[in-house]
Asks: 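My structure is below; once you've seen it, I'll send some questions.
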Amino acid sequence: MAEFKLPPLKKPKKGQAPKFSDSGPLTKSMVKQVESYLPIILTRLKAGQDFEKIARDIATHAGVQPDQIAKYVQAVIRAGASA
C-alpha cells in the first residue's frame with residue numbers, strides 16, 4: 001500500500017473525535033482548507049479505500065468535519081460532470 005504524506009495534525013478539540021454530522025453548507029474558508037488534499041483523496045479512492053475512512057483522516061488533518069470533506073468531493077464531482 002502506498003504511503004500518503006499528510007501535514008501535521010491541527011490541534012483537535014479536547015475529547016472529540018471526528019464524526020459525520022451536518023455542519024452546514026460549504027464555505028470559501030472550508031474549501032481553502034480542503035482543496036490541497038484533493039489529490040490525496042482521489043489517489044486513495046482510486047486505490048479502493050473506504051471513503052468514510054478517507055473523509056475522517058483528511059478532516060482530522062484539514063481541521064474540518066468529515067461531512068465537509070464529503071460535500072467538497074461531491075461538489076468537485078458535480079463540477080467535473082458539468083464541464
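Counting from 1, the numbers follow the sequence of the chain as shown.
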Asks: Can you name the residues that form a side chain to side chain donor-acceptor pair (under 3.5 Å) with Ser36, not counting sequence neighbours?
Replies: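 In terms of side chain to side chain donor-acceptor pair (under 3.5 Å), with neighbours along the sequence ignored, Ser36 is linked to no residue.
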Asks: Write down the atom of Ala59, the atom of Pro66, and the distance for their closest heavy-atom approach.
Replies: CB-N, 3.5 Å
Asks: Verify side chain to side chain contact (heavy atoms under 4.5 Å, CB included) between Phe51 and Val73, making sure each step is shown before the conclusion.
Replies: CA-CA 10 Å; Phe51 182 69; Val73 171; 4.1 Å; yes
Asks: Using side-chain heavy atoms (C-beta onward) and a distance below 4.5 Å, is Arg44 in contact with Lys53?
Replies: yes
Asks: I need the Gln74 CD to Ile69 CD1 distance, nearest 0.5 Å.
Replies: 12.0 Å
Asks: Test Tyr72 against every option in Asp67, Ile77, Ile58, Leu38 by the side-chain contact (heavy atoms from CB on, under 4.5 Å) rule and name the one that passes.
Replies: Leu38
Asks: What distance separates Glu35 CD from Met30 CE, expressed to the nearest 0.5 Å?
Replies: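 It is 9.5 Å, given to the nearest 0.5 Å.
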